[in-house]
Protein chains: 2
Amino acid sequence: MTIREVARLAEVHPGTVSRALNEQTRALVNQETAERVLRAAEELGYQPNPIARGLKTNRSYTVGVLIPDLTNPLFPPIMRGIEDRLGDAGYTLLIVNTDNDPERERSQMVAMRARQVDGFIAATARLDREVLAEAAAGGAPIVLVNRSLEDGSVAAVTVDDRHGIALAIDHVVGLGHTVVGHVAGPQNVSTGHRRYLGYLEAMARHELPAAAAQVTFADAFSEAAGARACRELIDRTDHVTAIVAANDRLAIGCYDALEELGLGCPQDISITGFNDMPFVDRLHPPLTTVRVPQREIGLVAAELLLKQLGDQDGIVGEVLLEPTLVIRQSTAPPER
Amino acid sequence: MTIREVARLAEVHPGTVSRALNEQTRALVNQETAERVLRAAEELGYQPNPIARGLKTNRSYTVGVLIPDLTNPLFPPIMRGIEDRLGDAGYTLLIVNTDNDPERERSQMVAMRARQVDGFIAATARLDREVLAEAAAGGAPIVLVNRSLEDGSVAAVTVDDRHGIALAIDHVVGLGHTVVGHVAGPQNVSTGHRRYLGYLEAMARHELPAAAAQVTFADAFSEAAGARACRELIDRTDHVTAIVAANDRLAIGCYDALEELGLGCPQDISITGFNDMPFVDRLHPPLTTVRVPQREIGLVAAELLLKQLGDQDGIVGEVLLEPTLVIRQSTAPPER
DNA sequence: CTGTTAGCGCATTCAT
DNA sequence: ATGAATGCGCTAACAG
């Protein structure tokens, strides 16, 4: 089914068919001619060939999405948000997993640019400025998800990590805890770093001590790393009664460490997570955690990208989404 | 960067560049000319434009993947398997969620065909023959995942549901259970139906009763539906000591129902699931379940598709992957 | 308002 | 072994 067959049936020139079929240019063509063309196209089940169109217009109506790992339950809802919004706008997604490997990120981006993607949404933790600049130089708009550049030169949508941690700390402090530890994430990942800063900030606001001994750093956002960091924390300061973990997986690691040490949660130590992953409401005890609006992150990221795709120079800067606290049973007042 | 710029630098005709750059046709060109072209391309950082190539060759090196819902933890590992294999082969994925809506499936498939995808991998539960036939008529190979057509006319990779259920039943029967119930999934979904058949089969093999009262049907693969079905089952036959659920989410629903009824698992009733979703090892009790090799499913599906993409007529028929039983603590011998 | 023409970047046929 | 020419399906600039 080509445009020419439609033209033959409608008895007009192919160029006219193109104009009639295109929203933008429909105005240029006579009302009833347009209708005739539309009917002909309908009848033949004509579908424009986006490949051919892209060759001419340099637009593929395709956007590249880079994520570290689809298998991480954090990402699918974000992807759904992106797809829902971008799909409505007629875009198709090319999704690739990078496993946070910089080389892979690079090569995937190059490959996608070759495929003429109109823009990128990148959820990868680190993506060096160089790669970003390179992509931007190619004229492709980029929206960052879950991270941002300090200078705000690239559009980004993130959740307010500091506020999220503050919610958790306000909660445990409100419960009566005064010695609150932090199992921090990797500091070279922006979420890890920001949550750590949020911890320091909130503790200071409450005029509570946040000594170095009260914080341990996990070298990855994994259960095992969380367990290690938690053991280390308890080793160092045995009077901690609450631990704010930088994410749910670290919190689960804390559960493991407590169990190993024969400590109970929340009787001996309260624990909070971050993300509200699926099924953390079914852990024992159900995890008190900071919920991030994942689907909305995707929606907003898509929206920002569409803006940039439309206007020549869209919005840059960062959109901060507000997290909320979900109180379950891993937190309780400290025992006297 | 076009082929012409490379041609200019290498001082040859664009046609020659095309030949030199293409594995298939490299033989047609002089050894050292080819090298010169390759070097020029390298130097300019030339990337062939797949859009233009696709227009000419009618191949996009793109495959469409239809899944019900990326948010279902079952799918991401499958997707990774598909991506890993197909990515190596130079293909890019267009992934769409259909939410099991037939109309959406249809429209997405049409849209993807318009985008000239070279083939499809479909993991959607139902996909009427009509849509399949339509796509096949367009000449695009299709591989089904997690379902198959009775007549084997379409390539499919599925896990051996009947054997999986048999593993679960052999296990609980081995533990000493004789009254084993089944919380079945929706019967209009092939996995739901096959697992039900597997239950009947295995019970018969053990010469154990499998009365209608021992089976209830959930109307969806959800926790709520599982809980409903489980309550109904226990209402009807209060002497059941083990329940084999058609998947993990139904099993979790069973947990909920037992808790509500004040029954303990596994003391009062043993429960098994199917899929081995993430975190079911952290439920209370950790769930005994049938593990399906999800990533491998993706890998094999990709492999089958590549076969069809290569040869003109590849393999059809069904590949059955073997599940394994993961024994945890939701199953125990019945109390006397 | 519509027909005509050219060309996007590439692969491929036909000459040479 | 390479150059020249053609066309994939479409849009856009230009005529009329």
Side-chain angles (χ1 to χ4, degrees), chain A residues 1-38 40-41 44-62 90 111 113-118 138-139, chain B residues 1-38 40-41 44-62 90 110-118 138-139:
Chain A
M1 267 312 94
T2 82
I3 214 171
R4 261 191 289 275
E5 319 213 31
V6 179
R8 195 176 318 144
L9 182 59
E11 297 180 307
V12 292
H13 191 274
T16 307
V17 174
S18 172
R19 283 184 284 248
L21 258 31
N22 214 310
E23 286 291 352
Q24 319 280 348
T25 50
R26 175 144 340 138
L28 299 177
V29 60
N30 185 306
Q31 181 82 25
E32 37 178 300
T33 314
E35 274 167 27
R36 189 148 38 90
V37 170
L38 254 24
L44 295 176
Y46 169 78
Q47 290 284 125
N49 180 334
I51 305 274
R53 174 183 310 186
L55 190 58
K56 185 71 187 173
T57 60
N58 273 319
R59 308 203 73 202
S60 60
Y61 279 90
T62 278
R113 289 222 292 140
R115 280 186 187 271
Q116 308 291 121
V117 299
D118 297 336
Chain B
M1 268 312 95
T2 82
I3 214 171
R4 261 192 290 276
E5 319 213 30
V6 178
R8 196 177 317 143
L9 182 59
E11 297 179 307
V12 292
H13 191 272
T16 307
V17 174
S18 173
R19 285 183 282 247
L21 257 31
N22 215 310
E23 285 292 351
Q24 320 281 350
T25 51
R26 178 146 334 142
L28 299 177
V29 59
N30 184 306
Q31 181 80 24
E32 37 178 301
T33 313
E35 274 167 26
R36 188 148 40 90
V37 170
L38 254 24
L44 295 176
Y46 169 78
Q47 290 283 126
N49 181 334
I51 305 274
R53 173 180 304 170
L55 190 57
K56 188 72 189 171
T57 59
N58 273 322
R59 309 203 72 201
S60 61
Y61 279 91
T62 278
V110 170
M112 290 181 137
R113 288 222 292 139
R115 281 187 186 271
Q116 309 290 124
V117 300
D118 297 335

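Chain identifiers are assigned alphabetically (A, B, ...) following the order of the sequence lines, protein sequences preceding nucleic acid strands; residue numbering begins at 1 within each chain. Both backbone and side-chain heavy atoms feed into the values below; hydrogens, waters and symmetry mates do not.
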Hey, could you give me the [atom1]/[atom2] distance between [X] and [Y], rounded to the nearest 0.5 Å?
X: B:Ser60; Y: A:Asn49; atom1: OG; atom2: CG; result: 10.0 Å
X: A:Gln31; Y: A:Thr33; atom1: CD; atom2: OG1; result: 9.0 Å
X: A:Ile51; Y: B:Lys56; atom1: CD1; atom2: NZ; result: 15.0 Å
X: A:Arg53; Y: B:Arg115; atom1: CZ; atom2: CZ; result: 9.0 Å

**Report entry** Check: B:Gln116 and B:Thr62 side chains under 4.5 Å, non-hydrogen atoms
**Finding:**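 Heavy-atom side-chain distance check fails, nothing below 4.5 Å.
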Pairs under 3.5 Å (N/O, protein and nucleotides 7-9 of chain D):
| from | atom 1 | to | atom 2 | distance (Å) |
| --- | --- | --- | --- | --- |
| D:dG7 | N2 | B:Lys56 | NZ | 2.9 |
| D:dG7 | N3 | B:Lys56 | NZ | 3.0 |
| D:dG9 | N2 | A:Ala52 | O | 3.3 |

Output a table of nitrogen or oxygen pairs between the protein and nucleotides 14-16 of chain D separated by less than 3.5 Å.
none

Report task. Kindly calculate the angle separating the two end axes of the helix from C:dC1-D:dG16 to C:dT16-D:dA1, each obtained from five base pairs, and round it to 10 degrees. Result ->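 Terminal axis comparison yields 40°.
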Report task. Could you please spell out the steps behind the side-chain contact (heavy atoms from CB on, under 4.5 Å) verdict for A:Glu32 and A:Val37? Result -> CA-CA 9 Å; A:Glu32 37 178 300; A:Val37 170; over 6 Å; no
Requested in this report: Extract, from 5' to 3' on DNA chain C, the first and final nucleotides lying under 4.0 angstrom from some heavy atom of chain A.
Outcome: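 Nucleotide range in contact with chain A: C:dC1 to C:dG9.
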Query raised in the report: Are the side chain of A:Asp118 and the backbone of A:Arg59 linked by a donor-acceptor contact shorter than 3.5 Å?
Result: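 No, A:Asp118 side chain to A:Arg59 backbone: no donor-acceptor pair under 3.5 Å.
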Query - Exercise: identify the closest heavy-atom pair between B:Pro48 and A:Ala114 - result: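 Reported closest heavy-atom pair: O-CB, 4.1 Å.
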Please tabulate, for the side chains in residues 2-24 of chain A, all donor-acceptor contacts under 3.5 angstrom to protein atoms that are two or more places apart in sequence or on a different chain.
| from | atom 1 | to | atom 2 | distance (Å) |
| --- | --- | --- | --- | --- |
| A:Thr2 | OG1 | A:Arg4 | N | 3.0 |
| A:His13 | ND1 | A:Gly15 | N | 2.9 |

Report task. Select base, sugar-phosphate, or nothing to describe what B:Ser18 touches, counting heavy atoms under 4.0 Å on all strands. Result ->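 Base, at least one base heavy atom under 4.0 Å.
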Query raised in the report: Among residues 24-32 of chain A, which contact DNA chain D at a heavy-atom distance under 4.0 Å?
Result: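 Heavy-atom cutoff 4.0 Å gives no residues at all.
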